[in-house]
Amino acid sequence: MSATADKKAPLPDDIRAAKGGTPLVSLTAYTTPMAQMMDAHCDFVLVGDSVGMVLHGLPSTLGVTMEMMIMHGKAVARGLSSAMMVIDLPFGSYEESPEQAFGNAARLMAQTSAGAVKLEGGVHMAKTIAFLVARGIPVMAHIGLTPQSVNTLGGYKVQGRDAAATAVIADAQAVSDAGAFAVVLEKIPQSLADQITADIAIPTIGIGASAGCDGQILVVDDMLGLFTAFKAKFVKRYAHLGDDGAAAIAAYAHDVRARTFPAPEHVFADQIPAPAKGK
């Protein structure tokens, strides 16, 4: 299901149908310009609650609000025509009850035009996923390392090693049975990701998992080298725009202080020059 410039945006059922086929391509986006750049190349674009750390300088995703997600979701939607948009339910907006989750998911979709929502959690969120799907809310699940649970997980550690693999496998099967159309597998051992991909009926989207997953996702600011506070092992830098940007800003500051910017070509004359003879 390779993305092309003239394709129609896929629906959740199209993503589900890609199981076992050409790997699905996804990136996060938080702004219209980024969404426009990735639109022709991604099958779906995620408006992730990672926006709190990447753009707002928060120490984790826990401080992200519904209002922040709606604002960034609207911005991303303006830049997409070929890729489906999925949006994260932020921490505290869905855990209390299926009814709370439905109200906030419906609000996100109505106000941003997202095609689906994503929520974190496995077995304990299966009832909520089934409740949402039965009421017309497509759900992408997220298991393994779930950043909204960082305080109970003891940090951003690999999940599912050794005996802990059983719980991750149960989470994967639970969200699939509950009706999720895909599941993100974050920061789990490669062999476990491969086993889950083979065992469940819905596509697996890897981030720090395995090339054998049915698709991959990265935070766009990570892979472009714009976010430089830290670099996770699973991130491949495809550019170093943060370094380039810092160098460009330093060059600009130098030119301003040296009065070499603005140069004559950047300023305006008192009068419009007369046209050359014969023209």
Side-chain angles (χ1 to χ4, degrees), residues 10-19 24 26 28 43-50 61-62 64 66 69 73 84-150 152-153 159-160 166-188 192-193 195-197 199-207 209 213-215 217:
L11 298 171
D13 280 351
D14 298 318
I15 300 296
R16 183 195 295 270
K19 176 73 178 179
L24 294 156
S26 179
T28 61
D43 297 293
F44 69 91
V45 168
L46 174 67
V47 185
D49 61 357
S50 51
T61 63
L62 301 184
V64 175
M66 283 285 292
M69 295 307 301
M84 183 180 76
M85 188 173 90
V86 181
I87 190 165
D88 270 342
L89 280 163
F91 177 70
S93 70
Y94 62 94
E95 297 91 339
E96 183 178 346
S97 68
E99 290 78 11
Q100 180 206 30
F102 176 79
N104 284 317
R107 180 184 172 199
L108 276 182
M109 292 185 68
Q111 294 191 29
T112 67
S113 301
V117 300
K118 181 170 75 66
L119 59 78
E120 296 182 5
V123 170
H124 70 285
M125 292 307 302
K127 179 181 176 181
T128 295
I129 293 171
F131 188 91
L132 294 181
V133 172
R135 287 157 180 80
I137 305 287
V139 177
M140 178 176 288
H142 183 156
I143 64 171
L145 174 63
T146 48
Q148 292 176 7
S149 302
V150 63
T152 56
L153 293 176
Q159 302 295 306
T166 301
V168 180
I169 292 169
D171 284 339
Q173 194 61 61
V175 300
S176 178
D177 291 346
F181 67 90
V183 57
V184 173
L185 307 180
E186 181 167 357
K187 209 167 183 179
I188 66 173
L192 177 59
Q195 179 182 344
I196 290 171
T197 300
D199 287 350
I200 67 172
I202 60 175
T204 55
I205 310 299
I207 177 167
C213 289
D214 297 298
I217 188 167

Could you walk me through whether Met85 and Val47 pass the side chain to side chain contact (heavy atoms under 4.5 Å, CB included) check? CA-CA 7 Å; Met85 188 173 90; Val47 185; 3.7 Å; yes

Of all heavy-atom pairs between Gly160 and Leu192, which one has the smallest distance, and what is that distance? O-CD2, 3.5 Å

OG (Ser149) and CD (Gln159) are apart, to the nearest 0.5 Å, by 9.0 Å

Closer than 3.5 angstrom, by distance alone: can the side chain of Glu95 be matched with the main-chain N or O of Gly92 as a donor-acceptor pair? yes

Could you go through the side chain to side chain donor-acceptor pair (under 3.5 Å) check for Gln173 and Asp199 one step at a time? CA-CA 8 Å; Gln173 194 61 61; Asp199 287 350; over 6 Å; no

Please say which of Gln148, Gln100, Glu120 ends up in a side-chain hydrogen bond (donor to acceptor under 3.5 Å, both in side chains) with Tyr94. Gln148

Do Pro203 and Leu24 have side chains that get closer than 4.5 Å, going by heavy atoms? yes

Supply the atom-to-atom distance Glu186 CD to Thr146 OG1, rounded to the nearest 0.5 angstrom. 8.0 Å

Least distance between heavy atoms, Lys19 atom then Ala201 atom: CG-O, 3.8 Å

Run the side chain to side chain contact (heavy atoms under 4.5 Å, CB included) check on Ile87 and Leu46 step by step: do they pass? CA-CA 6 Å; Ile87 190 165; Leu46 174 67; 5.8 Å; no

Pairwise side-chain contact, Phe91 with Val64, heavy-atom cut-off 4.5 Å (strictly under): no

Between Ala105 and Ile137, which heavy-atom pair has the shortest distance, and what is it? CB-CG2, 3.9 Å

Yes or no on side chain to side chain contact (heavy atoms under 4.5 Å, CB included) for His142 and Leu119, after CA distance, side-chain angles and deciding distance? CA-CA 6 Å; His142 183 156; Leu119 59 78; over 6 Å; no

Could you state the interatomic distance from CZ (Phe131) to OG (Ser97), rounded to the nearest 0.5 Å? 7.5 Å

Note, Val184 side chain near Thr204 side chain (heavy atom, < 4.5 Å): no

Member of Leu185, Ile200, Ile202, Thr197 meeting the side chain to side chain contact (heavy atoms under 4.5 Å, CB included) criterion with Asp214: Thr197

Heavy atoms only: give me the nearest Gly121-Val175 pair and the separation to one decimal. O-CG1, 3.6 Å

Does Asp171 use its side chain to pair, donor to acceptor, with the backbone of Ile143 at less than 3.5 Å? no

Is any side-chain heavy atom of Leu145 closer than 4.5 Å to one of Leu153? yes

Separation between CZ of Arg135 and CD of Glu99, rounded to the nearest 0.5 Å: 7.5 Å

Determine whether Met66 and Asn104 make a side-chain contact, defined as any pair of heavy atoms from C-beta on separated by less than 4.5 Å. yes

Give the minimum heavy-atom separation between Pro12 and Gly115, together with the two atoms involved. CG-O, 3.7 Å

In sequence, state the C-alpha distance, the side-chain angles, and the governing distance for Val45 and Thr28, and then conclude on side chain to side chain contact (heavy atoms under 4.5 Å, CB included). CA-CA 6 Å; Val45 168; Thr28 61; over 6 Å; no

Rounded to the nearest 0.5 Å, how far does CG of Asp14 lie from CZ of Phe181? 10.5 Å

For Ala116 and Met109, which heavy atoms make the closest approach, and how far apart are they? N-CE, 4.1 Å

OG-CG distance between Ser93 and Asp88, expressed to the nearest 0.5 angstrom: 9.0 Å

